[in-house]
Structures are given as C-alpha cells and as structure tokens.
Amino acid sequence: LRFIILSLCYILALLPRLIAVARYESVIHEFDPYFNYRSTQYLVDEGFSNFRNWFDERSWYPLGRIVGGTIYPGLMAVSATFFWVLNAINLNVKVVDVCVYLSPVFAANTTLVAYYLGKEVSGGGRGVGLVASFLVSVVPGYVQRSVAGSYDNEGIAIFALMLTFYWFIRSVNTGSLSHCAASCLSYAGLVSTWGGHIYVMNLIPLYVLVLLLAGRYSERLWIAFSTFYVIGTLLSMQITFVGFLAVSAAEYILAMATFVILQAYAASWFVKQHIPASHQTPELLTSAKRILALSAGAIAFSIFLLSIATGYRPLWTGRFWALLDPTYAARVLPLIASVSEHQPAAWTSFFFDLHILVFLIPAGMYRCLQSPTDANIFLVVLVMSSVYFASVMVRLIVVLAPCACILGAVGLSHSLRVYTAQLRGVGGGKAPSGDFQPMGGAALMLIVFAGMLALYVFHSVWVTSEAYSSPSIVLAAKSADGSSIIFDDYREAYSWLRHNTPPDAKVMSWWDYGYQVSAIANRTTIIDNNTWNNTHIATVALAFASAEAQAIKVLEMLSVDYVMVVFGGLTGMASDDMNKFRWMARVAEGVFDGNKTVAGIRPIVYEQGFESKHGDMRCATPHAPLCFVAADRSLTLRCLGQGVGGREPVAGGESVVQAVVLEEAYTTERWLVRIYKVKKDVGLQPLCLERFRGLEKGCRVALDV
C-alpha cells in the first residue's frame with residue numbers, strides 16, 4: 001500500500017507540471033532559463049573544461065562576462081549528464097528537451113524525499129511521510145518553479161535542499177558519520193546549483209544554537225554539525241563561484257561562530273564529564289566558565305585586530321541586507337527592488353501558494369512543541385525562518401512551500417490518527433484517550449478533512465494550469481467570444497534579429513530581455529538579467545531616460561546598433577517598458593547624480609521630473625511637466641509612441657516628435673516588440689542642442705554640456 005501511495009504521489013507531481021507542454025509545446029519559460037539553456041548547450045558542445053573557462057563576449061558589451069566563474073554549474077552539469085546518458089542508450093533527445101522536462105522529474109523525486117523527511121521528524125511514523133509526500137506533490141508554491149519549461153536553478157535545488165535537511169536530521173538522530181557524509185554531499189550538490197545554500201548554512205547553525213539554549217546538547221549534535229560544517233565548507237569551496245567566500249564572506253560568519261561556540265561547549269561538557277561529582281564545586285565551575293569566556297573574548301579580539309591589520313572588512317551583499325531589512329533595497333538598491341519577485345509577499349500570496357497549509361502549519365507547530373524532539377525543533381525553526389524570508393521576498397515562497405508541507409503533514413497526520421482511533425474505538429466502547437466519542441463526530445471530521453484535501457488538489461491543479469503554465473515568451477489572452485489568442489511577438493522579434501541583422505550587431509534593451517536576445521537571437525547584448533554591474537545598467541537606463549542629444553552620446557559610446565523596446569499599449573499588456581520606465585529613472589538616478597561623467601557629459605537624473613503634479617507618470621503633451629516639453633520626449637517615449645508605416649501612434653491624439661537618431665526597423669504583428677536601428681553619425685541641429693541646455697531644476701535629466 002505504501003508503494004502504491006508513493007507511486008500515485010509521484011505521478012500526481014508529474015502530470016500537472018506537464019500542462020504547459022500540452023498547451024504551448026515544448027518551450028522554455030521566463031528569462032533566466034534561457035541563459036541556463038544557452039550555457040547547457042555550450043557545455044554539451046565544448047566540454048566541461050572549456051565551459052569552466054568560458055568568457056562570453058556576446059553579453060555585457062563591451063565588458064563581457066566570465067561565465068565559468070560567475071555561475072552555479074550544477075544545473076548545467078546535471079542536464080548535460082542526462083543528455084549524454086540518454087543519447088548513449090540510443091534515446092535521441094535534444095538539449096532543449098532535457099531542459100524542459102528536468103524540473104518536473106526532480107519535483108517528482110522531491111515527493112520521495114518528503115516521505116523520508118516526514119518519517120524522520122515523526123520518529124519513524126509512515127503516516128506523516130505519506131501525507132507529506134502527497135502535500136508536496138502539488139503544492140502551488142513549489143509548482144511555480146518546477147513546471148515543464150521552468151529551467152531554473154530552483155528546479156533541482158529544492159530537491160537538494162530537502163535531501164540536505166533529511167540527511168542532517170538523520171545524522172542528528174543517529175550520530176552516524178555515514179549520514180553526516182551524505183548530508184555534506186547533498187549540501188555540496190545544493191551549493192553547485194543555487195545561491196540559496198547560504199540560507200542552509202545559516203539555518204543549521206541557528207538550529208544548533210537553539211538546541212544549546214534549550215539544554216539539548218548531545219554528542220550526536222556535535223558530530224553532526226562539526227562534520228557538516230567542516231566537510232560541507234570544504235566541498236562548497238570547490239565551486240569556483242564560491243571559493244574562499246565560504247570562509248571569508250560575512251554571510252557565513254554565523255556558521256563559523258556557531259562552530260567555535262559548539263567546540264567550546266563540547267570541551268566544557270567533556271571536562272565536566274571527567275571530573276568526579278565530588279570535585280564539581282560552584283567555585284570550580286565558575287572559574288571554568290570564566291576561563292572559557294576570556295578565551296573566547298581573546299580569540300574574537302585577535303580576529304578583530306587581524307582584520308584591521310589586513311584591511312579585511314566582511315560586508316553583507318545587497319540581497320542579504322534586503323532580506324534582513326525589507327526597506328533596504330528600495331532605499332539603496334533600486335535595481336534589486338525593481339524585480340517583481342523581490343517584492344514583499346502579500347497575505348493573499350500565502351493562501352494562493354499554500355492553500356490549506358496556512359491552517360495546517362499552526363496545527364503542526366503545536367504538535368511539535370507539545371512533544372519536542374531534536375527533529376521537531378529543527379522543523380519549527382525551519383518553517384518559522386522560511387515564513388519570515390518568504391514574507392520579505394515573495395520568491396522565497398518556493399523554499400517555504402515544501403517545508404510547510406512537512407510541518408502541515410505532522411499536524412494533519414496527528415489529527416487523522418486521533419479521529420480514526422476514535423472511530424475504531426466506538427466498537428469497543430471507548431477511544432484510546434478514555435473518552436467516549438460518538439461515531440458521527442469522528443466520521444464528520446474525517447469527511448471534512450477529505451473535502452479539504454480534495455479542494456487542495458483542485459486548487460493546486462487550477463493554479464498550475466491558469467497561473468504557472470504560461471511561458472512569458474508566449475502570451476495568451478481571451479477574445480470577446482471566449483476564444484484563445486496567442487501572442488508570439490517575442491519569438492517573432494528574436495527571429496527577425498537573428499536573420500536580418502549582422503552577426504556582430506549590438507542590441508540594447510532593458511535588462512529583462514538580455515538573456516533571451518543572447519540565446520534566441522544570438523546577438524550581442526549590452527546588459528542582461530545577471531545584473532552584476534549596476535553602473536553599466538544605469539548607463540543603459542540613462543540612455544532610455546534621456547533626450548536624444550544626450551542619448552546619442554551614450555549609444556555611440558556603447559556601439560549600439562539596434563534598440564529593442566516592449567510596448568503593451570495596443571494589447572493592454574501591463575508589464576511593458578512604459579511601466580518599467582519609473583525603475584529606469586530610479587536606477588539611473590542612483591548612479592548619475594551629477595558626480596559621474598559618462599560619454600563626455602555629466603548627467604543628473606531626477607525621477608520626479610517624469611511625474612505629473614499628481615505624482616503619476618505622464619507622457620501625453622497636455623499633462624507633461626516642463627522637461628517633457630523641453631526635451632521633445634525621452635528616447636523610450638519616442639520608441640513607444642512613434643507610429644509605424646504611416647499609421648498613427650497608439651495613444652491617438654498625442655503629437656509625437658519624430659525620432660532623429662532612430663529609424664524603425666521592425667515591429668511585430670501585435671506591436672508588442674519594436675526594434676529600431678540607430679542612425680550613425682547623426683548631427684543634431686544647434687537649435688536642438690540649445691533646447692537641452694539649462695533645463696530647470698526638477699527636470700528628469702539635466703546636462704552639463
């Protein structure tokens with residue numbers, strides 16, 4: 001029966017995730033997965049040695065990017081291995097097919113890990129494991145990152161994450177070195193695939209500190225954590241992108257400090273165990289504690305002096321600060337805040353992605369705290385921390401979802417066990433608790449739970465179908481008569497770029513589309529989704545937010561041949577470049593405040609200059625502030641508003657000044673993507689230059705010409 005249930009959960013995890021393929025064909029979703037696909041293709045074609053030393057000159061022009069040393073290669077390595085194995089046994093598949101189906105396979109494997117993890121935290125109870133496997137199979141919070149075509153790091157990282165938790169908890173329960181080694185290998189696999197491994201390397205030390213404060217120290221804990229930290233850190237350092245950061249970056253300080261504290265605690269515990277009880281006087285214990293405290297203080301002070309002498313200052317990254325302080329990104333790093341998945345989660349997001357788990361989490365937590373064990377305490381710490389981080393950054397619901405399934409399974413399994421025991425106890429007259437319970441009450445509660453689980457499956461499949469199975473590169477909508485309309489403008493635009501532009505053409509777009517331009521159009525991009533260089537992105541933002549007299553200087557400096565913009569005015573798509581324009585201004589304003597020179601000019605960007613007196617973004621002439629009138633529209637507004645082929649602009653009635661430095665090259669069928677060719681050696685008239693000088697304070701861009 002257990003095998004049948006697990007098999008059904010495995011199938012249940014696979015089938016809903018394949019809806020995207022059945023509806024839209026085998027296509028990769030979103031933006032980041034296209035870079036992962038391109039990297040996997042390079043690994044398959046060139047081999048692992050060349051992949052590690054790959055310098056990509058087609059991205060971040062003119063800087064380029066050292067790809068092999070700036071990525072987590074686990075996803076590509078696993079995909080390439082699958083590709084080689086399948087073709088070796090005469091199953092001829094393409095790299096893109098492996099990429100599309102990899103995430104659903106690993107999501108199905110996660111249901112098996114959830115079974116064993118649930119069984120471990122419940123002290124060997126198979127019921128908790130089976131319920132956890134069922135809940136994980138379709139939980140929407142995990143489905144969103146593991147549907148077919150979602151070829152992102154989380155697709156296999158969540159599997160490695162849950163496997164790491166399972167082996168670590170098992171090593172804490174048993175003290176076995178083999179289980180410790182398995183947890184270290186699982187952690188190494190997680191490090192090779194996802195930057196979220198930092199969460200694990202902080203969560204486990206936090207759990208160890210909680211156990212020490214709770215007085216639950218044991219040799220098993222010392223063996224488990226000491227082995228995990230030392231070997232896990234050494235293995236993580238083999239990943240080029242991590243390297244010595246594992247022992248020098250501020251994000252790992254908690255793990256190092258916990259390791260030192262645990263060794264001191266273990267030493268004191270060892271000494272105490274070997275001193276006869278008759279000699280353990282209060283004075284001796286006080287002296288021992290004082291010696292340990294002074295030793296720890298001396299070590300900490302020595303490290304502090306060493307850091308001063310060497311000039312080393314471990315600093316947290318911007319993304320790490322954004323997790324600790326939800327307002328940090330909006331105040332300091334608008335580039336991070338501009339990403340939708342980095343926004344705080346609304347309360348509706350939790351119910352949408354967790355459904356009944358929102359109510360089962362408190363029940364599971366109550367059950368764990370009612371009879372605490374080392375494993376139960378870990379589960380409570382895990383879920384409480386992941387709830388906080390998911391609240392700060394909506395993307396991290398993908399971490400919360402499978403963990404919530406385990407904790408929810410504890411509460412649900414206990415409730416089902418109580419009511420089934422009461423139902424069986426009616427025949428004998430009494431339930432195990434000694435209280436007589438009518439058959440009707442227990443049966444009614446079981447029916448309620450069955451209905452809730454049925455609604456959970458229905459909701460999860462509906463969310464998977466309607467919300468998480470639509471690739472961003474192929475859009476769909478409903479017409480007035482209810483029929484479906486497919487918008488394939490993105491691939492149409494990339495295909496045009498690939499077949500109608502020179503192979504060495506440089507394409508400038510906002511960073512969202514960089515990976516897709518590189519992978520599908522095979523053209524050089526100025527910026528992309530890696531966002532590793534804030535200044536370079538701000539330079540592109542400056543070009544988009546500037547008047548032509550300024551923009552042409554930036555375009556020439558970057559050797560831009562084509563400019564690509566996304567326009568949703570005709571189709572009603574909200575996430576076009578017009579709606580991202582505010583973030584362009586903020587990113588540019590954060591860098592170009594009058595103290596930095598670019599392309600021979602010293603720009604000053606004011607976001608408020610783009611706003612109307614009501615505070616909203618306006619581009620129509622009757623509502624435009626002074627800067628729009630003086631500058632004859634910014635480059636972005638020109639691209640989005642200019643008519644095509646003699647047709648009037650979409651925003652009818654507006655007077656649009658024709659672009660001087662750009663000429664329309666291609667517009668897709670539904671006007672979603674517009675591509676402009678940059679005119680070379682265009683001389684702006686002196687009158688035009690005069691109009692850009694002396695802009696009043698408060699305008700969006702001021703020039704020091």
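Just so it is clear, the model here is predicted, and its values are computed rather than measured.
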Side-chain ([X]) to main-chain ([Y]) donor-acceptor, under 3.5 angstrom:
X	Y	value
Ser518	Asn522	no
Lys506	Asp504	yes
Glu57	Thr524	no
Asp353	Ala401	no
Gln144	Gly141	yes
Asp489	Arg670	yes
His197	Trp194	yes
Asp528	Tyr515	no
Arg523	Pro502	yes
Ser509	Met564	no

Between [atom1] of [X] and [atom2] of [Y], what distance do you get to the nearest 0.5 Å?
X	Y	atom1	atom2	answer
Glu154	Ser103	CD	OG	9.0 Å
Ile527	Leu558	CD1	CG	9.5 Å
Leu43	Leu75	CG	CG	10.5 Å
Met584	Leu542	CE	CG	12.5 Å
Ile66	Arg52	CD1	CZ	13.0 Å
Ser349	Gln343	OG	CD	11.0 Å

Next item on the list: Carefully, step by step, assess Val247 and Tyr252 under the rule side chain to side chain contact (heavy atoms under 4.5 Å, CB included).
Entry: CA-CA 7 Å; Val247 292; Tyr252 301 89; over 6 Å; no
Flag the pair [X] / [Y] as yes when at least one side-chain heavy-atom distance between them is below 4.5 Å, and no otherwise.
X	Y	answer
Lys553	Met557	no
Phe35	Asn530	no
Lys580	Asp512	yes
Pro471	Val27	yes
Thr539	Val591	no
Ile675	Leu497	yes
His536	Ile526	yes
Ile71	Met76	yes

Can you tell me if [X] and [Y] form a side-chain donor-acceptor pair at under 3.5 Å?
X	Y	result
Asp488	Tyr24	no
Ser39	Asn36	no
Asn533	Trp60	no
Arg58	Thr525	no
Tyr666	Glu492	yes
Tyr490	Ser472	no
Tyr676	Glu663	no
Tyr468	Ser150	no
Arg65	Thr70	yes

Notebook entry, point to check: When you look at CZ of Phe55, are more than 12 heavy atoms from neighbouring residues, nucleotides or ligands closer to it than 6.0 Å?
Noted result: yes
Next item on the list: Check the pair Tyr151 / Tyr37 against ring-ring contact (aromatic ring centres under 6.0 Å, His included), numbers first and verdict last.
Entry: CA-CA 7 Å; Tyr151 185 55; Tyr37 161 66; 7.6 Å; no
Minimum heavy-atom separation for [X] to [Y], with atom names?
X	Y	result
Ile537	Thr531	CD1-CA, 3.6 Å
Phe241	Gly69	CD1-O, 3.4 Å
Ser495	His499	O-ND1, 2.9 Å
Ala477	Phe487	CB-CE1, 3.5 Å
Tyr562	Ala665	CE2-CB, 4.3 Å
Thr668	Ala493	CG2-CB, 3.8 Å

Notebook entry, point to check: Thr40 and Phe51: side chain to side chain contact (heavy atoms under 4.5 Å, CB included), yes or no, with the steps?
Noted result: CA-CA 9 Å; Thr40 305; Phe51 176 74; over 6 Å; no
Notebook entry, point to check: Do Tyr494 and Val517 pass the side chain to side chain contact (heavy atoms under 4.5 Å, CB included) test, and can you show the C-alpha distance, the side-chain angles, and the key distance before you say yes or no?
Noted result: CA-CA 6 Å; Tyr494 299 143; Val517 172; 3.7 Å; yes
Checklist line | Stepwise side chain to side chain contact (heavy atoms under 4.5 Å, CB included) check, Val96 with Ile28 | finding: CA-CA 8 Å; Val96 66; Ile28 294 177; 4.1 Å; yes
Item checked: Cation over ring face, Arg674 and Trp671, 6.0 Å, 45° -> yes
Margin query: Run the ring-ring contact (aromatic ring centres under 6.0 Å, His included) test on Phe581 and Phe544 for me, step by step, so that the C-alpha distance in whole Å, both residues' side-chain angles and the decisive distance to 0.1 Å come before the verdict.
Written below: CA-CA 8 Å; Phe581 187 78; Phe544 275 120; 8.5 Å; no
Checklist line | Full working for salt bridge (charged side-chain N to carboxylate O under 4.0 Å, His left out) between Asp152 and Arg145 | finding: CA-CA 7 Å; Asp152 214 342; Arg145 291 283 180 168; 3.2 Å; yes
Margin query: Quick test of your reading of the model: are Glu664 and Lys677 salt-bridged, counting only N-O distances below 4.0 Å?
Written below: no
